[in-house]
Amino acid sequence: MTQTKHGICGLCFHSPGCGVIVHFDDEEKIDHLEPDPDVPMGEVLCPISKSARDIVYSDKRLSTPLRRTGPKGTYEFEPITWDEAYDEIAAKLNELKDKHGPESVGFYAGTGTYERSFKDAYQLKGSEIYLASSVLFPFGSPNTFGVGAPCYTSLGVLAPKVTMGCLHIDMYSDLDNADLILVWGTDPSTSTPPAAFSKLERAAEEGAEIIVIDPRRTKSADLPGAEWLPIRPGTDGALALALAHVIIRDDLHDVEFTENWCRGFEEFAEYVKDFTPEYVSELTGIDADRIEELAESIAEADGATYVMYTGLEYTKSGVQNIRAVMALWAVAGQLDVEGGRNFLHHDAFIPLNKSILKETPGFDKSIGKGKFPVYAEYCGGEPHAILLPKAIIDGTPYKIRGLFIQGASILTAWPDPKVWQKAMEELDFLVCIDLQMTKDAAFADIVLPASTAFEQESYCYYGNAIRYREKMIEPVGEAKPNHQILAELAERLGYGDLYAKDPKTLLGSVLEGSGYSMDDLLSAENYVIKKPGKPMEYKKWEKGLLRKDGKPGFETPSGKFEIKSTVLEKHGYDGLPKYEESFETPVSDPDRFKKFPLILGTGPFKPDMKSCFRAIPRFMKKFPSPAIQISPADAAERRLETGDLATLKTARGSVVMRIFVTDKIMEGFVYAPVGGGGPLGTEEWQAANVNMLTDLEQFDPISGFPVYKTLLCQIKRKRDKRHKIEVPDPTLGCVG
């Protein structure tokens, strides 16, 4: 009997695929995982990996297809066969198509579909990265949506594409050689892949200066010599502009680059004149002298870089905030230099065949016509998911009547779940595909069980390497891989020939033109093919290494680094990375601030992934209740202590959570966890959906991203118990 097996972690799809050694028990079930340092991304594993056994064999796993038997909103289902499920789905889709047209059916793909073979099979043609599924394109519907609409796309695609002509993943931060590292709006200690924090730890030990810009004091700020700069949420763009102001004012900028390789530098220099350290200090809460010092440090460091993820996305000007940081790095001369923020070699990547991708039947036929054009341009004509509720409820611009939700929990992830729930109640037909029941599934007509990646054959792509994913175990119950489910559905709809069902067939087609074959991969050590590296070359724009045509410059319309974006201007947006206060802040809405004097940020608490693993025993033991992080001063003012029940309220609604008092959060700011409100976890988690406090009317006009980080709120202590109503006692008199 096999006691261990070398494979790829099958829990989350956020990283390319961490190498693991899987340990099995006597029943040949997964027991635990350990890192496998001899393969890509195998140096260290994230905390989620400790729950592998609990996740795979959870009693909450869906194990068979289900059909609704009770009213919508209940979890009353009966088991059916896969054939019955496919037959009913195909019949209903064809019925909707005949009566209302194919565009009346939509598809929403979440992070649960971010497995590599799925991405390569179902990515939209023309999309820069996988965000949504093309499975309904041959059916005739352009209405496909994805989790890219509220997450990552601003940082990962839109901001870098309109500024530099590349993706976030086409760059890297040279932590190994940087003297100065800014950890800006992210917590690498809880992010995937987990190896990034190890590099940061090593940099700190070797003497790199680390500055954490964040409303929360994350683990990075506890590294040797690190400094925490608390910042008012949403003002990161203003800080970046103030730093650029100082660098340009004091002639510390890269003159050669700004004169020869930038579009819009002069306009940018004029714009940032107003962002003095004194003015921005009032906006951000960071001392003006510290802003001056930091600007000088960035410009004069022998290599300055940053670690940044999605923290800057969720404000009114999220894309522009991120662009301001990118412009700062370019102006400071820290772009593509040793220890800087650098570009990867184009030919360092193993090229993948994209000819198999399917093109939208027409963006102008979708509900997104005329809306969020920059998002649509880089996302293969994907209409923005924020438009879905109005289409379903009001028929704007026409009615969506059928919907698939795969690997997602819309009702716990998107703002204003009441509106989304109304939309799901309005649907004629809803199918949910997932590992376990979600809140969405309560309104589904058919629920299908998906497998974890441990239970499927596939592959992982690392840019410069590919690794074959060997199946570790057989699927639990009748669960199937997401890729297989859609391929079999496509077959029932009459176009199964367009999507490969066998993973090896798909991988073979993906490898066409790469210089490698399936035989190469399956015969390689550890099933890993890695492209040989090349010596590092800096300032690649000078050498024609950033453009497909081989000419010097950037892959932008002007061929330059576009501080002033041609694409944004084309679509009617401001080309400069201008700062704008979010919708409700102490500055933009002082009257509301009087009633709601705290700033609310929301996000996940590790070791879970939002609502995905809410029922993990390890998680429930560590976090039995959703907890609001609050500073000691703000807690004392409200007579709150750790463990107290409290009501967290915004202008839109309220939720009840526990209090967690900590000095690792700035005064005036509170942080509440997402992922509550679903059917899994403790009763307190099931009752606490933080998105009851958010709404669909506050979003970045460029990306469409909801505002999750800069809302105004108030917290009040709540009694732990309510007693039954008693007969009034008339003896209380006027004091009663």
Side-chain angles (χ1 to χ4, degrees), residues 150-155 158-159 182-187 212-218 228-244 272 274-275 279-286 291 306 308-328 415 573-574 576-593 596-603 629 631 634 650-652 665-672 674 690-691 693-714:
C151 183
Y152 180 72
T153 313
S154 290
L155 170 77
L158 306 186
L182 271 59
V183 181
W184 204 328
T186 188
D187 183 2
V212 177
I213 303 172
D214 203 297
R216 296 192 297 157
R217 183 185 178 100
T218 62
W228 177 36
L229 286 184
I231 184 172
R232 177 166 69 86
T235 62
D236 307 87
L239 175 60
L241 296 173
L243 296 169
V272 299
D274 292 334
F275 287 82
Y279 168 60
V280 173
S281 177
E282 294 179 4
L283 290 178
T284 62
I286 298 175
I291 293 174
Y306 60 78
M308 192 163 65
Y309 196 52
T310 59
L312 275 63
E313 293 183 332
Y314 298 117
T315 72
K316 187 178 181 180
S317 55
V319 170
Q320 296 289 38
N321 289 346
I322 298 164
R323 294 189 66 241
V325 176
M326 294 172 175
L328 165 65
Y573 301 104
D574 201 305
L576 290 175
K578 291 192 172 180
Y579 171 74
E580 189 174 1
E581 279 286 322
S582 205
F583 297 90
E584 53 175 70
T585 73
V587 175
S588 64
D589 198 345
D591 290 338
R592 182 173 293 187
F593 184 60
F596 299 101
L598 295 170
I599 301 171
L600 171 66
T602 67
Q629 292 183 345
S631 74
D634 290 323
T650 69
R652 290 154 292 278
I665 195 165
M666 67 183 291
E667 190 173 338
F669 176 70
V670 297
Y671 186 83
V674 299
V690 77
N691 278 311
L693 312 180
T694 60
D695 68 57
L696 289 169
E697 302 306 316
Q698 296 189 47
F699 55 84
D700 180 345
I702 297 175
S703 67
F705 273 35
V707 173
Y708 288 127
K709 302 289 187 184
T710 60
L711 303 171
L712 296 179
C713 71
Q714 179 59 295

**Request:** Kindly write out the residues that satisfy side chain to side chain donor-acceptor pair (under 3.5 Å) with Asp214, not counting sequence neighbours, or none if the list is empty.
**Result:** none

**Message:** Distance check, rounded to the nearest 0.5 Å: Leu712 atom CG versus Leu600 atom CG?
**Reply:** 9.0 Å

**Item:** Considering all heavy atoms, the nearest Thr186-Tyr309 contact
**Value:** OG1-CB, 3.3 Å

**Item:** All side-chain contact (heavy atoms from CB on, under 4.5 Å) counterparts of Pro230, not counting sequence neighbours
**Value:** Trp228, Met666

**Complete:** Of all heavy-atom pairs linking Asp700 and Ser317, the shortest is OD2-C, 4.0 Å

**Prompt:** What residues, two or more places apart in sequence or in another chain, satisfy salt bridge (Lys or Arg N to Asp or Glu O under 4.0 Å) together with Asp574?
**Reply:** Lys578

**Message:** Does any part of the side chain of Phe669, heavy atoms only, come nearer than 4.5 Å to the side chain of Arg216, both counted from C-beta?
**Reply:** yes

**Fill in**
Taken to the nearest 0.5 Å, the spacing of Arg217 CZ from Ile665 CD1 works out to 13.5 Å

**Request:** Carefully, step by step, assess Ile286 and Ile231 under the rule side chain to side chain contact (heavy atoms under 4.5 Å, CB included).
**Result:** CA-CA 6 Å; Ile286 298 175; Ile231 184 172; 4.1 Å; yes

**Request:** Kindly write out the residues that satisfy side-chain contact (heavy atoms from CB on, under 4.5 Å) with Gln698, not counting sequence neighbours, or none if the list is empty.
**Result:** Phe583, Glu584, Arg652, Asp695, Val707, Leu711

**Message:** Please find the pair of heavy atoms, one from Leu155 and one from Glu313, that lie closest to each other, and give the distance.
**Reply:** N-OE2, 2.9 Å

**Message:** Is any side-chain heavy atom of Ile702 closer than 4.5 Å to one of Gln320?
**Reply:** yes

**Item:** Residues forming a side-chain contact (heavy atoms from CB on, under 4.5 Å) with Tyr306, sequence neighbours excluded
**Value:** Leu182, Met308, Val325, Met326, Trp329, Arg341

**Asked** What residues, two or more places apart in sequence or in another chain, satisfy side chain to side chain donor-acceptor pair (under 3.5 Å) together with Thr235?
**Response** none

**Item:** With sequence neighbours excluded, residues passing ring pair (Phe, Tyr, Trp, His ring centres under 6.0 Å) with Tyr671
**Value:** Phe605

**Thr710 side chain vs Pro233 backbone, donor-acceptor pair below 3.5 Å** = no

**Request:** Sequence neighbours left out, what passes salt bridge (Lys or Arg N to Asp or Glu O under 4.0 Å) with Lys709? Give chain and number order.
**Result:** none

**Message:** Under the rule for side chain to side chain donor-acceptor pair (under 3.5 Å), what residues qualify as partners of Gln714, not counting sequence neighbours?
**Reply:** Arg638

**Fill in**
When every non-hydrogen atom of Glu581 is compared with those of Ser588, the smallest separation belongs to CB-CB, 4.1 Å

**ring pair (Phe, Tyr, Trp, His ring centres under 6.0 Å) partners for Tyr708, two or more places apart** = Tyr314

**Complete:** Sorted by chain and residue number, the side chain to side chain donor-acceptor pair (under 3.5 Å) partners of Thr315 (sequence neighbours excluded) come out as Asn321

**Prompt:** With no hydrogens and no angle check, is any side-chain donor or acceptor of Asp634 less than 3.5 Å from a backbone partner on Gly668?
**Reply:** yes

**Item:** Ser154 side chain to Val319 backbone, donor-acceptor under 3.5 Å
**Value:** no

**Asked** Mind checking whether Thr694 and Pro706 have side chains closer than 4.5 Å, heavy atoms only?
**Response** no

**Message:** Assess the residue pair Leu229 and Val212 against the criterion (side chain to side chain contact (heavy atoms under 4.5 Å, CB included)); give the C-alpha distance rounded to whole Å, side-chain angles, the decisive distance to 0.1 Å, and a yes or no.
**Reply:** CA-CA 6 Å; Leu229 286 184; Val212 177; over 6 Å; no

**Prompt:** About how many Å separate CG of Asp236 and CG of Leu312, when rounded to the nearest 0.5 Å?
**Reply:** 4.0 Å

**Prompt:** To the nearest 0.5 Å, how far apart are OH in Tyr152 and OG1 in Thr310?
**Reply:** 10.0 Å

**Prompt:** Rounded to the nearest 0.5 Å, how far does OG1 of Thr284 lie from OH of Tyr279?
**Reply:** 10.5 Å

**Item:** Qualifying residue for side chain to side chain contact (heavy atoms under 4.5 Å, CB included) with Asp589, from Asp591, Thr585, Val587
**Value:** Asp591

**Request:** Report yes if the side chains of Ile291 and Leu243 come closer than 4.5 Å at any heavy-atom pair, otherwise no.
**Result:** yes

